[in-house]
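Every number for a ligand or one of its atoms is a count from 1 in the order of the listing. Everything numeric in this text was worked out from a predicted model, so none of it was measured.
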Amino acid sequence: MSENIFKDNILQGKVAFVTGGGTGITGGVARALAEAGAKLAITSRKIENLEAAAKIITDNGGECLPVVCDVRDYEAVEKAIAATVEKYGKIDIVVNGAAGNFLCKANELSTNGFGTVVDIDTKGTFNVCRAAFEELKKSRGQILNISATLHYLATPMQIHVSAAKAGVDAITRNLSVEWGRYGIRVNGIAPGPIEDTEGMKRLLLPELKDKLVKRIPVGRFGRIKDIENSALFLCSDAASYINGVTLVVDGGQWLLGTSLG
Ligand code: NAP
C-alpha cells in the first residue's frame with residue numbers, strides 16, 4: 001500500500017479530539033489526522049501511552065496535546081474538551097476509539113465485566129459526543145466512532161463488546177439524524193481483525209489465526225493503515241455528504257461469518 005494516498009494537508013486548520021488516541025488503531029488514526037494537517041488532542045487513562053504517542057506526532061512536525069481522561073467520567077471528559085478548546089480555540093473532529101476488550105464466555109462473565117465494557121465503549125462514546133456538542137455545532141464538525149463487526153452475526157466470548165458496539169452503532173445513527181441539522185456529520189468505522197494491534201495479539205489464539213485468514217475474502221488480515229485511510233476519507237470533504245454510515249473495513253470478513261471465538 002502506498003504511503004500517501006491522499007493529497008497533502010487535506011485537514012489543514014482542523015482540530016481533532018481523539019479518545020484512545022495513544023495506542024493501536026486509534027493511535028494510528030490520530031497520527032494520520034496529524035499528518036494530514038490537523039492539530040490533535042489525544043486522551044486516555046494512561047499518561048505514558050499519551051506522551052509516547054504525542055512525541056511521535058510532534059517529532060513529525062505536528063501539534064498534539066495529551067490529556068488524561070477516563071471516558072466513563074463525564075466531568076473529566078468535559079474538562080478534556082475544555083482544555084482542547086483552550087489550547088486550539090475549537091474542535092472540528094471527534095474520534096471515539098477508547099474501548100475495553102477481553103475474551104470471556106458469557107456464562108463466566110461477571111456482570112461488572114459486561115458493564116465495564118459497555119461503560120467505556122458505549123457510554124464513553126455518548127459522554128464524549130455530548131460534551132463536544134456545542135463545539136461541534138460551532139464548527140459544523142463531525143464525529144467518527146470506532147465500532148466493530150462482532151455483533152453483525154454472533155461472536156462467542158465477545159458478548160460484552162458485541163453489545164457495547166451495537167450501542168455505538170445506534171449512537172452513530174441517532175446522532176447523525178439529530179445533529180445533521182447543525183451541520184454535524186456522524187459516522188463510524190467497523191474494522192475487521194487488524195493484525196498489527198495489541199488487542200488482536202492478545203485476543204486471537206495462534207491456532208485460530210491461520211484458519212481465520214483463509215476465510216477472509218481478500219486473503220489477509222487488516223492493518224492499522226487500512227483504518228487510517230478510511231478515517232481520513234470519512235473526515236475529509238470527500239465524505240461531506242456521508243452521514244450516519246458505519247463503514248465496514250474488513251476485507252469482506254464478516255460476510256462469511258468467520259468468528260474469532
Ligand atoms: P487498544 O490499543 O487497546 O485501544 C483502546 C484504547 O482505549 C487505549 O488507547 C486505551 O488507553 C483506551 N482506553 C481504555 N479504557 C479507557 C477509558 N476508560 N477511558 C479512556 N480511554 C480508555 O486497542 P485497539 O485494538 O487498537 O482498538 C482500537 C479501537 O478499534 C477500539 O474501539 C476497538 O474496539 C476497535 N476494534 C479493534 C479491532 C482489532 O482488530 N484490534 C477490531 C475491531 C474494532 P489507556 O489504557 O491509556 O486508557
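At least one heavy atom of Lys165 sits less than 4.0 Å from an atom of ligand 1. At least one heavy atom of Cys69 lies less than 4.0 angstrom from ligand 1. Note on ligand 1: Ile120 sits in its first shell, one or more heavy atoms being nearer than 4.0 Å. Look at Met200 and you'll find a heavy atom under 4.0 Å from some atom of ligand 1.
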Trace of the side-chain hydrogen bond (donor to acceptor under 3.5 Å, both in side chains) decision for Asp169 with Ser147: CA-CA 7 Å; Asp169 291 355; Ser147 186; 2.7 Å; yes

Step-by-step side-chain hydrogen bond (donor to acceptor under 3.5 Å, both in side chains) determination, Thr172 to Asn145: CA-CA 7 Å; Thr172 299; Asn145 293 328; 2.9 Å; yes

Steps toward side-chain hydrogen bond (donor to acceptor under 3.5 Å, both in side chains) verdict (Gln142, Asn243): CA-CA 9 Å; Gln142 58 171 299; Asn243 186 31; over 6 Å; no

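Ligand 1 has no nitrogen or oxygen under 3.5 angstrom from a nitrogen or oxygen of Thr43. Considering backbone and side-chain N/O of Gly100, none are found under 3.5 Å from N/O of ligand 1.
For atom 43 (C) of ligand 1, the nearest protein heavy atom (residue, atom name, distance) is Pro191 O, 3.2 Å. Counting protein heavy atoms only, atom 6 (C) of ligand 1 is closest to Gly20 CA, 3.8 Å. Of the protein's non-hydrogen atoms, the one nearest atom 37 (C) of ligand 1 is Ile25 CD1, 3.4 Å. Among all protein heavy atoms, the one lying closest to atom 4 (O) of ligand 1 is Thr23 OG1, 3.6 Å. At the top of the distance list for atom 46 (O) of ligand 1, counting protein heavy atoms only, stands Arg45 NH2, 2.9 Å. Given atom 30 (O) of ligand 1, the protein heavy atom at minimum distance is Ile146 CG2, 3.3 Å. Annotation: atom 41 (N) of ligand 1 to nearest protein heavy atom, Thr197 OG1, 3.0 Å. Given atom 22 (C) of ligand 1, the protein heavy atom at minimum distance is Ala98 CB, 3.7 Å.
Closest to atom 7 (O) of ligand 1 by heavy atom, among Gly28, Ala164, Ala99, is Ala99.
By the 6.0 Å contact criterion, CD on Glu48 is enclosed, its count of non-hydrogen atoms from other residues, nucleotides or ligands being greater than 12. At most 12 non-hydrogen atoms from other residues, nucleotides or ligands lie less than 6.0 angstrom from CD1 of Ile159. Within a 6.0 Å radius of NZ in Lys90, more than 12 heavy atoms belonging to other residues, nucleotides or ligands are found. Around CD of Glu108, the count of heavy atoms belonging to other residues, nucleotides or ligands within 6.0 Å exceeds 12. Shown here is Phe126, whose CZ atom has no more than 12 heavy atoms of other residues, nucleotides or ligands within 6.0 Å.
Of all the atoms in ligand 1, the ones that sit under 4.0 Å from a non-hydrogen atom of Gly192 are 40 (O), 42 (C), 43 (C). Close contacts between ligand 1 and Thr26 involve ligand atoms 28 (C), 29 (C) [criterion: under 4.0 Å to a heavy atom]. Interface atoms of ligand 1 facing Ser44, defined by a heavy-atom separation under 4.0 Å, are 11 (O), 20 (C), 21 (N), 45 (P), 47 (O), 48 (O). Against a heavy-atom cut-off of under 4.0 Å, Gly24 is close to the following atoms of ligand 1: 2 (O), 26 (O). Which parts of ligand 1 touch Pro193 is read off a 4.0 Å heavy-atom cut-off, strictly below it: atoms 40 (O). Using a 4.0 Å cut-off to heavy atoms of Ile194, the atoms of ligand 1 that qualify are 39 (C), 40 (O).
Scanning both residues, Tyr88 and Leu40, for their nearest heavy atoms gives OH-O, 2.7 Å. Smallest separation of non-hydrogen atoms from Ile57 and Ala34: CG2-CB, 3.6 Å. Shortest non-hydrogen contact noted between Val248 and Asp250 is CG1-OD1, 3.3 Å. Contact record, Gly13 with Asp92: O-OD2, 3.9 Å, taken as the closest heavy-atom pair.
Counting heavy atoms closer than 4.0 Å to ligand 1, residue Arg72 contributes side-chain atoms (C-beta onward) but none from N, CA, C or O. Only side-chain heavy atoms of Asn49 come within less than 4.0 Å of ligand 1; its backbone N, CA, C and O stay farther off. The part of Ser147 lying near ligand 1 is the backbone, judged by heavy-atom distances below 4.0 Å.
Between Arg220 and Glu195 no salt bridge is recorded (no basic side-chain N to carboxylate O distance below 4.0 Å).
Using cut-offs of 30° and 60° on the angle between ring planes, the pair Tyr152 and Trp254 is perpendicular.
Counting protein heavy atoms under 4.0 angstrom from atom 19 (N) of ligand 1 gives one or more.
To the nearest 0.5 angstrom, Thr84 atom OG1 is 10.5 Å from Ile42 atom CD1.
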